[in-house]
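Chain letters run A, B, ... following the sequence lines, proteins first, then strands; residues in each count from 1.
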There are 2 protein chains.
Amino acid sequence: MAASSRAYVSATRSCPTNQLLDRISDKWVSLVVAALSTGPMRYSDLGRKIAGVSPKMLTQTLRTLERDGILTRSVTPSVPVRVDYELTPLGSSLATLLTAVKDWAETNFDEVHAARERYDTDGQDTP
Amino acid sequence: MAASSRAYVSATRSCPTNQLLDRISDKWVSLVVAALSTGPMRYSDLGRKIAGVSPKMLTQTLRTLERDGILTRSVTPSVPVRVDYELTPLGSSLATLLTAVKDWAETNFDEVHAARERYDTDGQDTP
DNA sequence: CGGAATCCGCGCGGATACTG
DNA sequence: CAGTATCCGCGCGGATTCCG
């Protein structure tokens with residue numbers, strides 16, 4: 001086939017399910033979905049709550065998630081434009097899972113941190 | 001060090017918890033942990049089960065997860081060297097969550113796919 | 001306010017080859 | 001079998017600017 005000069009056919013491309021897994025296995029996706037799990041939010045509210053995300057990544061993440069049916073984007077044409085983002089039922093079901101992952105990270109952070117120092121000091125001494 | 005003229009202080013660096021979230025929000029991490037959730041596995045078994053992962057990424061992922069206390073690496077010095085990887089209790093608790101995410105991706109794939117086509121055709125007509 | 005567009009560095013990750 | 005090492009392309013993502 002047309003793999004003459006191009007051999008870039010990785011697992012991500014071959015399996016459609018892995019594509020989706022790769023998409024939701026994204027830091028910004030986790031944070032956005034977790035942020036919206038408590039209710040609808042405006043664009044700048046999300047930017048403030050996530051705190052550190054660039055407008056580019058925020059918009060990009062939101063667009064992708066909207067396209068995937070995870071959330072909806074509703075524009076209110078007021079004097080300053082107001083845009084609200086809200087999880088769909090599909091997105092809510094995902095939010096439950098990703099929030100659990102996020103909670104796990106927060107809960108077990110120090111345990112992981114301890115394991116890291118143990119790994120680093122153990123065997124790496126006497127250079 | 002060498003951060004003299006660098007202004008790259010993103011959310012990932014600022015919040016340690018987000019570092020961990022970013023780490024486990026990785027496609028390979030999901031696949032490896034999910035693969036090991038059914039029991040211990042050897043290196044090449046993992047490579048075959050995940051199917052598409054390069055040795056580099058597999059080793060890199062395994063090393064990182066070992067360092068983080070998610071899994072253990074045990075070497076059996078037989079004639080051909082045998083290395084087994086097994087989830088720690090900490091890793092098992094994570095595996096439950098990540099497997100759920102992986103299952104979600106497989107279950108809702110076609111729904112997401114349908115949402116995508118709807119998004120693409122809707123508004124993108126008559127070029 | 002809520003984006004879109006552009007530039008660009010850096011590192012992720014695939015391919016390949018070699019070691020113990 | 002289980003890695004390690006090297007090269008390198010590509011796209012993620014931060015910074016900046018401008019528009020509706």
**Study point:** Proximity to the side chain of B/Asp26 - top-ranked nucleotide from C/dT6, C/dC1, C/dG13
**Key:** C/dG13

Review point. Can you tell if the side chain of A/Glu86 reaches within under 4.5 Å of the side chain of A/Leu36, non-hydrogen atoms only?
Key: no

**Study point:** Nearest-nucleotide comparison on DNA chain C, the residue closer to the 5′ end among B/Pro55 and A/Val83
**Key:** A/Val83

Point to revise | Phosphate-side-chain proximity, B/Arg73 and D/dA2, N/O vs OP1/OP2 below 4.0 Å | key: no

Review point. Under a 4.0 Å N-O cut-off, is there an ion pair linking A/Asp120 with B/Arg67?
Key: yes

Practice item. Measure the distance from CG on A/Leu46 to P on C/dG2 and round it to the nearest whole Å. Key: 10 Å

Exercise for review: Check whether any side-chain heavy atom of B/Thr72 sits under 4.5 Å from a side-chain heavy atom of B/Glu66, and report yes or no.
Suggested key: no

**Study point:** Rounded interatomic separation in angstrom, taking CD from B/Glu66 and P from D/dA2
**Key:** 15 Å

**Study point:** Between C1' of C/dT6 and CD of A/Gln60, the distance in whole Å
**Key:** 14 Å

Review point. What is the distance, rounded to the nearest whole Å, between atom NZ of A/Lys27 and atom C1' of C/dC12?
Key: 14 Å

Review point. Between atom CG in A/Asp45 and atom C1' in C/dG2, what is the gap in whole Å?
Key: 12 Å

Exercise for review: For the pair B/Leu97 and A/Leu97, evaluate side-chain contact (heavy atoms from CB on, under 4.5 Å) and give the outcome as yes or no after the intermediate values.
Suggested key: CA-CA 7 Å; B/Leu97 305 178; A/Leu97 304 179; over 6 Å; no

Exercise for review: Check whether any side-chain N or O of B/Arg82 sits under 4.0 Å from OP1 or OP2 of D/dA2, and answer yes or no.
Suggested key: no

Exercise for review: Rounded to the nearest angstrom, tell me the gap between atom CE in B/Met41 and atom C1' in D/dC1.
Suggested key: 16 Å

Check your understanding: Toward the 5' end of DNA chain D, which comes first, A/Val81 or A/Met57, by nearest nucleotide?
Key -> A/Met57

Review point. Quick one: on DNA chain D, does B/Tyr85 or A/Ser54 contact a more 5' nucleotide (nearest heavy atom)?
Key: B/Tyr85

Review point. Looking at the side chain of B/Lys56, which of C/dG3, C/dA15, D/dC1 is the nearest nucleotide?
Key: C/dA15

Check your understanding: Quick one: which of C/dG13, C/dG3, D/dC1 gets closest to the side chain of B/Trp28?
Key -> C/dG13

Check your understanding: Over how many whole Å does the gap from A/Tyr43 atom OH to C/dG3 atom C1' extend?
Key -> 6 Å

**Study point:** Donor-acceptor side-chain pairing of A/Tyr43 and A/Thr59 below 3.5 angstrom
**Key:** yes

